[in-house]
Amino acid sequence: MPSTLDEKLKEAIVGELKRQAADRPQTLSVSDTPDLYVNGKIDLDALIMVVAGSVAGGP
């Protein structure tokens with residue numbers, strides 16, 4: 001059974017990737033049913049910030 005931290009991290013990562021895809025649909029697409037598929041350019045710095053905030057208890 002996944003831990004609460006695992007679920008928070010998964011939610012943060014998928015949420016940020018979807019946000020990036022919504023902002024730049026011409027360069028990134030994300031599908032998460034039933035598995036996660038990502039195609040395109042990811043802003044890794046933004047993704048790192050979201051993951052770090054999730055681990056630190058940020059919004």
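Each residue takes its place number in the sequence, starting with 1.
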* Do Asp6 and Lys10 sit within salt-bridge range, that is, some charged N less than 4.0 Å from a carboxylate O? -> no
* Asked: Quick one: do Leu36 and Leu44 end up in the same hydrophobic cluster if we chain Ile, Leu, Val, Met, Phe, Trp and Tyr together by side-chain heavy atoms under 4.5 Å apart?
  -> yes
* **Contact check, side chains of Asn39 and Leu28, non-hydrogen atoms, under 4.5 Å** => no
* Asked: Does Lys18 reach the side chain of Asp32, with side-chain heavy atoms less than 4.5 Å apart?
  -> yes
* Asked: Taking 4.0 angstrom as the limit, do Asp43 and Arg24 come out as a salt bridge?
  -> no
* I would like to know whether Leu47 and Ile13 meet side-chain contact (heavy atoms from CB on, under 4.5 Å); could you show each step before the answer? => CA-CA 7 Å; Leu47 183 60; Ile13 291 167; 4.2 Å; yes
* Same apolar cluster (I L V M F W Y, side chains within < 4.5 Å links), Val51/Leu5 -> yes
* Asked: Just how far is it from atom OG of Ser31 to atom CG of Leu17, taken to the nearest 0.5 Å?
  -> 12.0 Å
* To do: Look at the side-chain heavy atoms of Ile, Leu, Val, Met, Phe, Trp and Tyr, link any pair under 4.5 Å apart, and say whether Ile48 and Leu9 land in one connected group.
  => yes
* Is Lys8 salt-bridged to Glu11, cutoff N-O under 4.0 Å? -> no
* Please name the pair of heavy atoms, one in Ala12 and one in Val50, separated by the smallest distance, quoted to 0.1 Å. => O-CG1, 3.5 Å
* **Co-membership, hydrophobic cluster, residues Val14 and Met49, 4.5 Å side-chain** => no
